[in-house]
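Note sheet for the following structure.
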Amino acid sequence: VKALEARITNLPIPLTSFIGRTQEMARVKHLIATSRWVTLTGSGGCGKTRLAVQVASDLVDSFKDGVWWVDFAPLTDPCLISQIVSKAVGVSESPNAPPDETLVNHLRSSNTLLVFDNCEHLLTGIAPLIVLLLSTCSQLRVLATSREPFSVPGETKLRVPSLPFPMFERWLPDEDLAGYESVRLLVERATAVKSD
């Protein structure tokens, strides 16, 4: 295993621990190994981004040319999609070639995982780029997060559920609430704010 500083990635480093999601992590890793494009869908705040970060972090050593994170949340102009991706993977723009072509040439023989986060507001702009990249770069994989799927051939969709929580109308006094991932998350985050 490479030392952290030697890994080729720009993944965000979480400030808090990752809780639960063991089954979902295994499923996403399996899908990435068997599909070239996986989209994690679900409602806002259900944990798509955090799951993607954790899976991608675990897979850094599996992609010799890197795992690259692209956050589309701040982007409003779909004309800049290729430039944002190029910047994330460290590709310099060429004045004589379109950004898509420069990106394809850079990634063509690259064993890389691209992680596209917060795609929901740019689906119609991002989808053609993913299709172009996957159809020309044989070792490329894409993991995306979006509230809605792209609904394009080649995409494998996985809905990310909310963390399991206790049903209090059926709760038994001796039930171990700490066994629920949602309760553990709440307690950890609350303790970080107020230690007692």
Side-chain angles (χ1 to χ4, degrees), residues 7-14 18 21 23-63 65-91 99-100 102-104 106-108 110-163:
R7 293 176 165 189
I8 305 172
T9 188
N10 67 339
L11 285 170
I13 300 171
F18 184 76
R21 301 273 190 208
Q23 291 179 342
E24 289 93 341
M25 287 206 31
R27 180 79 177 129
V28 175
K29 289 177 186 178
H30 171 75
L31 290 175
I32 291 171
T34 58
S35 307
R36 297 189 56 221
W37 176 2
V38 178
T39 303
L40 304 180
T41 65
S43 60
C46 73
K48 300 179 298 293
T49 295
R50 193 58 191 273
L51 178 58
V53 169
Q54 195 65 35
V55 167
S57 296
D58 285 357
L59 293 176
V60 167
D61 292 332
S62 301
F63 292 90
D65 297 306
V67 173
W68 303 106
W69 181 265
V70 185
D71 182 7
F72 287 108
L75 185 65
T76 56
D77 185 353
C79 296
L80 298 177
I81 291 169
S82 294
Q83 289 92 325
I84 296 296
V85 176
S86 293
K87 183 177 179 183
V89 300
V91 177
D100 287 4
T102 305
L103 191 56
V104 164
H106 178 78
L107 295 172
R108 189 176 305 278
S110 159
N111 177 234
T112 299
L113 174 64
L114 295 178
V115 185
F116 290 174
D117 190 37
N118 296 304
C119 299
E120 53 274 346
H121 61 299
L122 297 166
L123 293 175
T124 57
I126 296 171
L129 177 63
I130 294 176
V131 170
L132 172 67
L133 291 174
L134 291 178
S135 63
T136 54
C137 308
S138 62
Q139 297 181 68
L140 182 69
R141 295 278 192 276
V142 174
L143 174 61
T145 73
S146 176
R147 293 183 186 182
E148 299 295 327
F150 291 88
S151 297
V152 172
E155 175 191 29
T156 299
K157 300 166 263 221
L158 179 66
R159 184 154 186 80
V160 177
S162 298
L163 289 173

Original post:
For Asp71, which residues count as a side chain to side chain contact (heavy atoms under 4.5 Å, CB included) partner, sequence neighbours excluded?
Top reply: Trp69, Ala73, Pro74, Asp117, Asn118

Subject >> Shortest non-hydrogen contact between Pro161 and Glu24, atoms and distance >> reply: CG-OE2, 3.5 Å

Subject >> Spacing of Thr145 atom OG1 and Leu40 atom CG [to the nearest 0.5 Å] >> reply: 7.0 Å

**OP:** Would you please test His121 and Arg147 for side chain to side chain contact (heavy atoms under 4.5 Å, CB included) and show each step?
**Re:** CA-CA 9 Å; His121 61 299; Arg147 293 183 186 182; over 6 Å; no

Subject >> Flag, side chain of Lys157 to backbone of Thr41, donor-acceptor distance under 3.5 Å >> reply: no

Subject >> Nearest atoms (heavy-atom pairs only) where Val115 meets Val67 >> reply: CG2-CG1, 4.1 Å

**OP:** Kindly indicate whether the side chain of Phe116, heavy atoms from C-beta on, has any atom under 4.5 Å from the side chain of Thr39.
**Re:** no

Show me, pair by pair, the donor-acceptor contacts under 3.5 angstrom made by side chains of residues 125-142, not counting sequence neighbours?
residue: Ser135; atom: OG; partner: Val131; partner atom: O; Å: 2.9
residue: Ser135; atom: OG; partner: Leu132; partner atom: O; Å: 3.0
residue: Thr136; atom: OG1; partner: Leu132; partner atom: O; Å: 2.8
residue: Thr136; atom: OG1; partner: Leu133; partner atom: O; Å: 3.4
residue: Gln139; atom: NE2; partner: Ser109; partner atom: O; Å: 3.4
residue: Arg141; atom: NE; partner: Ile32; partner atom: O; Å: 2.9
residue: Arg141; atom: NE; partner: Ser35; partner atom: O; Å: 3.4

**OP:** Please assess Arg21 against Val160 for the test side chain to side chain contact (heavy atoms under 4.5 Å, CB included), listing each intermediate value before the final yes or no.
**Re:** CA-CA 10 Å; Arg21 301 273 190 208; Val160 177; 3.7 Å; yes

Original post:
Which heavy atom of Pro14 sits nearest a heavy atom of Val53, and at what distance?
Top reply: CG-CG1, 3.8 Å

Original post:
Closest heavy-atom contact between Ser151 and Glu155?
Top reply: N-OE1, 2.7 Å

Subject >> Trp68 and Val85: CA distance, side-chain angles, deciding distance, side chain to side chain contact (heavy atoms under 4.5 Å, CB included) verdict >> reply: CA-CA 9 Å; Trp68 303 106; Val85 176; over 6 Å; no

Original post:
Cys119 versus Leu122: any side-chain heavy-atom pair under 4.5 Å?
Top reply: no

Subject >> Beyond-backbone contact of Asp65 with Leu107, side-chain heavy atoms, under 4.5 angstrom >> reply: no

Subject >> Audit row: Leu123, Ser146, side chain to side chain contact (heavy atoms under 4.5 Å, CB included) steps and yes/no >> reply: CA-CA 8 Å; Leu123 293 175; Ser146 176; 3.5 Å; yes

